[in-house]
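These notes are about the structure you will find just below.
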Amino acid sequence: MFQSQIAGVGYYVPKNIYTNTDLTRFMETSDEWIQERTGIQERRYADRIGETTTTMGIEAAKIAIERADITAQDIDFIIFATLSPDYYFPGCGVLLQREMGMKEVGALDIRNQCSGFIYALSIADQFVKTGMYKNVLVVGSEKHSFALDYSTRGRNVSVIFGDGAGAAVVQPTTEEGRGILSTHLHSDGADAEKLAMYYPGASGGIWLENQPDWPDQELGGMLMTKEMLDDGTTFPYMDGQAVFKKAVVKFPEVIAEALAKNNLSTEDIDMLIPHQANLRISQFVQKTLKLSDDKVFNNIQKYGNTTAASVPIALCEAWEQGRIKKGDLVCLAAFGAGFTWGSALIRW
């Protein structure tokens, strides 16, 4: 079997900057309130028309492909992670393949929210290790701003999220001890409703305590109703305390699992790239693992939580800033809706 490596990384964030103070024009909040709870100072929002989850993913992919010293024609498989696709279906993978003029390669869309990039990287790793594919494009991209509740009612969720995209090209390497050492994926659906966007969906609300009042008709009419739009049922829901309590346990666990698998310890980590969910969670994990500031990379202050895009954006920024060098041990970790979580240990 081959060993896989990340041969190129890239990211894209929209030009539109919205500070915490800017959000006070739409809801009752304050810079102090947001920073105290999340650590976020500003975030990027895509253009309302023209920029999409796919187009941002394309911009990130172009950079990653160029840095891998290949062309779009060399890509032989696409894995696209997002919770905010351009269409309900088909997924963003085929749209990226079309717009980048790629060959008729496979395109896999995955829905693992904040853990999406880790899951996608793990899948790419398996394909490359077995020799099935040589150039796998992994993309994490999100356009949250199109569907959040920018009112006081929705502030607990809306102030957290931003738009952006990150990408990586995964290739085989014959250099012993280099590349993706291992990946570790987990899920627990017991609290799936603690962080979710229930509608539009096909459940009919059977998993929820308060079920909608659907139209009295024999068929159809159960995707979304006007009443849902009016009362805000269509916006994402998050129990922040429940997410925090679970995340601060599972983050260190899955990092420790990766280290143990490779007979390494926290002292061996040169750079930890955590999913940018909340600066308080990252700081708690850093303290738990006893890592110094120079070994943890956070950029949530600038971009907010970009879910599936947050790990590749942070990974690319850290590399561009020279904080990740050849031979460094890099740990990626994420926790998100589902709940799902995972880690990847990489010898850069």
Side-chain angles (χ1 to χ4, degrees), residues 1-7 9 79 81 110 112-130 136 138 140 166 168 170-173 175-188 246-278 281-298 307-308 310-316 318-319 323-336 338-348:
M1 293 180 70
F2 298 95
Q3 191 76 8
S4 66
Q5 65 172 339
I6 295 178
V9 289
I79 309 174
I110 65 172
N112 291 92
Q113 296 66 250
C114 301
S115 304
F117 185 80
I118 304 291
Y119 267 72
L121 188 66
S122 180
I123 296 167
D125 181 40
Q126 314 313 313
F127 278 137
V128 172
K129 278 181 175 177
T130 59
V136 179
V138 180
V170 180
Q171 295 177 343
T173 178
E175 192 172 341
E176 190 174 349
R178 188 182 177 200
I180 299 172
L181 304 181
S182 63
T183 59
H184 308 268
L185 309 177
H186 296 276
S187 71
D188 179 0
K246 190 87 168 181
V248 295
V249 172
K250 295 305 178 182
F251 254 116
E253 275 186 7
V254 80
I255 293 169
E257 179 183 2
L259 292 168
K261 173 71 174 178
N262 296 278
N263 297 313
L264 296 166
S265 66
T266 53
E267 289 77 15
D268 296 307
I269 295 175
D270 294 299
M271 182 56 65
L272 171 64
I273 308 284
H275 157 58
Q276 305 295 298
N278 184 306
I281 293 176
S282 294
Q283 290 171 335
F284 187 96
V285 172
Q286 178 181 346
K287 184 177 180 181
T288 301
L289 298 177
K290 298 179 180 178
L291 293 173
S292 57
D293 290 346
D294 63 323
K295 291 192 173 185
V296 182
F297 190 86
N298 290 299
T307 55
S310 80
V311 169
I313 290 174
L315 175 64
C316 186
W319 175 78
R323 295 184 61 180
I324 296 176
K325 300 174 290 296
K326 185 174 180 179
D328 281 355
L329 185 68
V330 179
C331 184
L332 314 179
F335 176 91
F339 291 124
T340 64
W341 61 97
S343 64
L345 203 58
I346 304 166
R347 181 66 69 181
W348 201 259

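In this chain, residues are counted from 1 in sequence order.
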Exercise. For D268 and S265, does a side-chain donor sit closer than 3.5 Å to a side-chain acceptor?
Worked result: yes
For this session: Supply the atom-to-atom distance M271 CE to L291 CG, rounded to the nearest 0.5 angstrom.
Result: 10.0 Å
For this session: Hey, could you give me the CZ/CD1 distance between F251 and I281, rounded to the nearest 0.5 Å?
Result: 6.5 Å
Seminar exercise, completed: Here the gap from L332 atom CG to F297 atom CZ, rounded to the nearest 0.5 Å, amounts to 12.5 Å
For this session: Of all the heavy-atom pairs spanning V128 and Q171, show the shortest one and how long it is.
Result: CG1-C, 3.6 Å
Problem set entry | Check: S122 main-chain N/O paired with T183 side-chain donor or acceptor under 3.5 Å | no
Problem set entry | Minimum heavy-atom distance between G327 and D270, given as atom pair plus value | O-OD2, 4.4 Å
Problem set entry | Considering all heavy atoms, the nearest V296-R323 contact | O-NH2, 3.3 Å
Seminar exercise, completed: Correct closest heavy-atom pair for V9 and W319 would be CG2-CE3, 4.0 Å
Exercise. Do K246 and F335 have side chains that get closer than 4.5 Å, going by heavy atoms?
Worked result: yes
For this session: Quick one: do Q286 and L272 satisfy side chain to side chain contact (heavy atoms under 4.5 Å, CB included)? Show the steps, please.
Result: CA-CA 9 Å; Q286 178 181 346; L272 171 64; 5.9 Å; no
For this session: Check whether the side chains of S343 and H184 place a donor and an acceptor atom closer than 3.5 Å, and report yes or no.
Result: no
Problem set entry | Candidates T130, V136, D125, I346 - the one meeting side-chain contact (heavy atoms from CB on, under 4.5 Å) with S4 | D125
Problem set entry | Contact summary for F117 and A308, nearest pair of heavy atoms | CB-O, 3.5 Å
Exercise. Just by distance, do the side chain of Q3 and the backbone of I180 share a donor-acceptor pair under 3.5 Å?
Worked result: yes
Problem set entry | Side chains of S282 and N298, donor plus acceptor under 3.5 Å | yes
Exercise. Just how far is it from atom CH2 of W341 to atom OH of Y119, taken to the nearest 0.5 Å?
Worked result: 8.0 Å
Problem set entry | Full working for side-chain hydrogen bond (donor to acceptor under 3.5 Å, both in side chains) between H186 and E257 | CA-CA 11 Å; H186 296 276; E257 179 183 2; 2.6 Å; yes
Problem set entry | Validation row: L315, I324 side chains within 4.5 angstrom (heavy atoms) | yes
Exercise. If you measure from CD1 on I269 to SG on C331, what distance do you get to the nearest 0.5 Å?
Worked result: 5.0 Å
Problem set entry | Straight-line distance of I313 CD1 to I273 CD1, nearest 0.5 Å | 12.0 Å
Problem set entry | Minimum heavy-atom distance between S182 and N262, given as atom pair plus value | OG-ND2, 2.9 Å
Exercise. Do L329 and R347 touch side chain to side chain, with heavy atoms closer than 4.5 Å?
Worked result: yes
Exercise. For K250 and D188, what are the C-alpha separation, side-chain angles and deciding distance, and is it a salt bridge (Lys or Arg N to Asp or Glu O under 4.0 Å)?
Worked result: CA-CA 11 Å; K250 295 305 178 182; D188 179 0; over 6 Å; no
